[in-house]
Amino acid sequence: MSLPFNVASHLDTALRAAASALGLADRGFEPEVRVADPAHGDFQANGALAFAKREKQNPRAFAQQIVDRLGDLTADFDLSLAGPGFINFRLKPTALLAWLQTYDSEQHLQSGAATLYQGQRFVVDFSSPNTAKQMHVGHIRGMVIGEAICRLLAFCGAEVVRDNHIGDWGTGFGKLIWGYKNLRNDQALARDPLEELERLYKAADAASKENPATLDAARAELVKLQNGDPENTALWNQINTISAAAFTEIYRQLGIRFDHQLGESFYNDKLAQVYEELRATQIAEDSQGALVVFHPEHARFKTQPFIIRKSDGASNYASTDLATMLYRAEHFKADAIAILTDARQADHFEQLWLTTQKWFTQTKRRLPRFEHVSFGAILGEDGKAIKTRTGDPIRLKALLAEAEERAFALVTEKSPELPETERRDIANAVGIGAVRYADLAQNRSSDYVFSWEKILSFEGNTAPYLLYAITRIHSIFRKIGLTAYDSAAAQGATTPATDGELALARKLVSFASVLNLTTAQLRPHYLCTYLYELAGQFSTFYAADKVIVDDPAVRARRLLLCQRTLIVLEAGLHLLGLRTLERM
RNA sequence: GGAUCUGUAGCUCAAUUGGAUAGAGCACUUGGCUUCGAACCAAGGGGUCGGGGGUUCGAGUCCCUCCAGAUCCGCCA
């Protein structure tokens, strides 16, 4: 009998069964299986400690009782008890070989992983830029983390709906329209439309600060737009089209796609229902002329209002976000909703979710799960957040171009024999990959100071290191005249035996656990760390154990390890949104 | 003033959310290419986990309290 894809959950099941056999079925024993430090084993279960503590038993004796009932596992594992009651599991080499032989393609890895979120629909809201503004480095986190999360969830069996919630209805549009009508430079508009729109916004903003009459004029333009004035509506459409084209180009470069792009304006006609229902259920109340929600049970939000309609009767982003929650729950039938924004909006989304829970409960709607996937800001050298309207934000376009240039210089230095077109292609994968990997590899909750040095680093835990390991594997197979995916290469493989082989095999088997962890917390850096360690194990193995040796059995098992390392590395990088290479 | 997040090696970051001896990269020192790609590998030095107290078999992780930085707190998104 072969092991399932997810060895940790296999052990979890066995441990629960053992607890049941002890008559503890309903006592809340949690096995707490996790990947172990290699010094102790491949997996460990720590749950006996917490359980014994709660039940006032000797933890080590309790753990021993569990182990005594795990006889079925001894075919595949060496079991041992350590310290105060850790249960350690080490896979036998035969079990490692069997697992490796079973999961022999990206496809099979996926079918193994797909049980995790089978039948669940996730709506993921990410990127969500504001119309008429250029994307700068601050926008990259939401895009690359969002894309990675979508791919990870889909890989693990979820049905993913990707929605780009574009900011296309802000109050800034009055100023922009006023600027367009009064300050427009047609030549500049033809040359770089988005650049010109951004200039117009800034100029109009400055003008309305100087002159109250200009501010009034801008407000009047907004009112006209909201009342459906044909000229302003046409202008608004045109601005959106220009923006969308620029955004699409960035998305193309980064390999990001959406199923829907329902901006804030889409929810205009759905706001009245929100106001009515929240008022009827007495969740919302009038305060200082505005419609607001307080949460008396909450220490902060009992006094800090959630303003869902402004005192002038206009909507704000709380209004549209509420309407959006409803639409996603009802129209998309979401089981879970994940919204990616920076951490500064944490209060807003906490209030949104508190309000939504009360609203859906009182109106007897099914409540989806909700996750505000927040991330830290990218700071400038001064330690302040990089902002569009202050200082000198670095354009995303420029960043990506610079990344490719630097990567091209490096490829040319390392592999001058390759034709230029291929070096350009490699530079694209390496450069763009390095930029997005730099963001993904870091725990999303912390801020970081932007530096070219860091984001374009090609050493250590970076995309080029992982891509390099992949190209070395492809190179081995080129040498023996096979493709890296040819199953014939691994025919007759024997069980892994050397330290390098065993460590690599064990690392491969823990892939499933990493997918669990990464999707449970929606933190791609766990996967990055794993892939980096896997590539490191491979490099160690590669230096210590020659693959192309005469002994056919040794050669086959090393080729098997190469193939499995390759598919996991490639699958992993593809999940992170990176393109992989055969040469570099 | 209230609240949230952050503080780990000289620098940039991890630590599976309470588990076993806190780990990587860069930088520094040393060794390894006539041998499957050296964008690599092996080894070494470098830590009061911001300070102090507490909770328990066990704390970088939880609680309290200071210190420092970032962010949010009524009509921007």
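Not measured: the values here are computed from a predicted model. Each chain gets a letter, A, B and so on, in the order the sequences are listed, and its residues count up from 1. The basis for the numbers below is simple: all heavy atoms, side chains too, and nothing from hydrogens, waters or symmetry mates.
For B/A15, the OP1/OP2 oxygens have a side-chain nitrogen or oxygen of A/Tyr526 closer than 4.0 Å. Contact annotation: A/Arg34 reaches the phosphate of B/G19 (side-chain N/O to OP1 or OP2, under 4.0 Å). Regarding contacts with the backbone of B/A15, a side-chain N or O of A/His525 is found under 4.0 angstrom from either OP1 or OP2. Considering only side-chain N and O atoms, A/Arg558 lies nowhere under 4.0 angstrom from the phosphate OP1 or OP2 of B/C36.
Residue-environment remark: CD (A/Glu297) exceeds the threshold of 12 foreign heavy atoms within 6.0 Å.
The distance between atom CG of A/Leu440 and atom P of B/U12, rounded to the nearest whole Å, is 21 Å. Put simply, NE2 on A/His348 is 12 Å from P on B/C73, counting in whole angstrom units. Residue A/Tyr542 contributes atom OH, which lies 15 Å from atom C1' of B/G32 at whole-angstrom precision. To the nearest angstrom, C1' of B/A77 lies 12 Å from NE2 of A/His372. Note: CG (A/Asn461) to P (B/C40) measures 13 Å, nearest angstrom. A/Arg344 has its CZ atom 17 Å from the C1' atom of B/A3, to the nearest Å.
Side-chain atoms of A/Arg300 lie closest to B/A3 of the nucleotides B/A70, B/C57, B/A3. Picking from B/C36, B/A14, B/A38 the nucleotide with the shortest atom distance to the side chain of A/Ile548 gives B/C36. Distance from the side chain of A/Lys546 is smallest to B/C36 among B/C36, B/A39, B/U17. For A/Gln345, whose side chain is taken as the heavy atoms from C-beta onward, the closest listed nucleotide among B/A77, B/C13, B/U56 is B/A77. Across B/C41, B/G19, B/U35, the shortest atom-to-atom separation from the side chain of A/Ser539 is found for B/C41. Of the listed nucleotides (B/G74, B/C57, B/U17), B/G74 has the atom at the smallest distance from the side chain of A/Val292. Considering only side-chain atoms of A/Gln288, the nucleotide from B/G74, B/U12, B/C73 that sits closest is B/G74. In this structure, of B/G25, B/G19, B/A14, it is B/G25 that holds the atom nearest to the side chain of A/Tyr532.
Among the atoms of the strands shown, none is found under 4.0 Å from any heavy atom of A/Ile480. Residue-level contact check: A/Lys414 touches the bases, meaning some heavy atom is under 4.0 Å from a base atom. Nucleic acid contact class of A/Leu467 (heavy atoms, under 4.0 Å, all strands): none.
Side-chain N/O atoms of A/Asp37 and base N/O atoms of B/A22 include no donor-acceptor pair closer than 3.5 Å.
Here the closest heavy-atom approach between residue A/Phe541 and residue A/Cys562 is recorded as CE2-SG, 4.2 Å.
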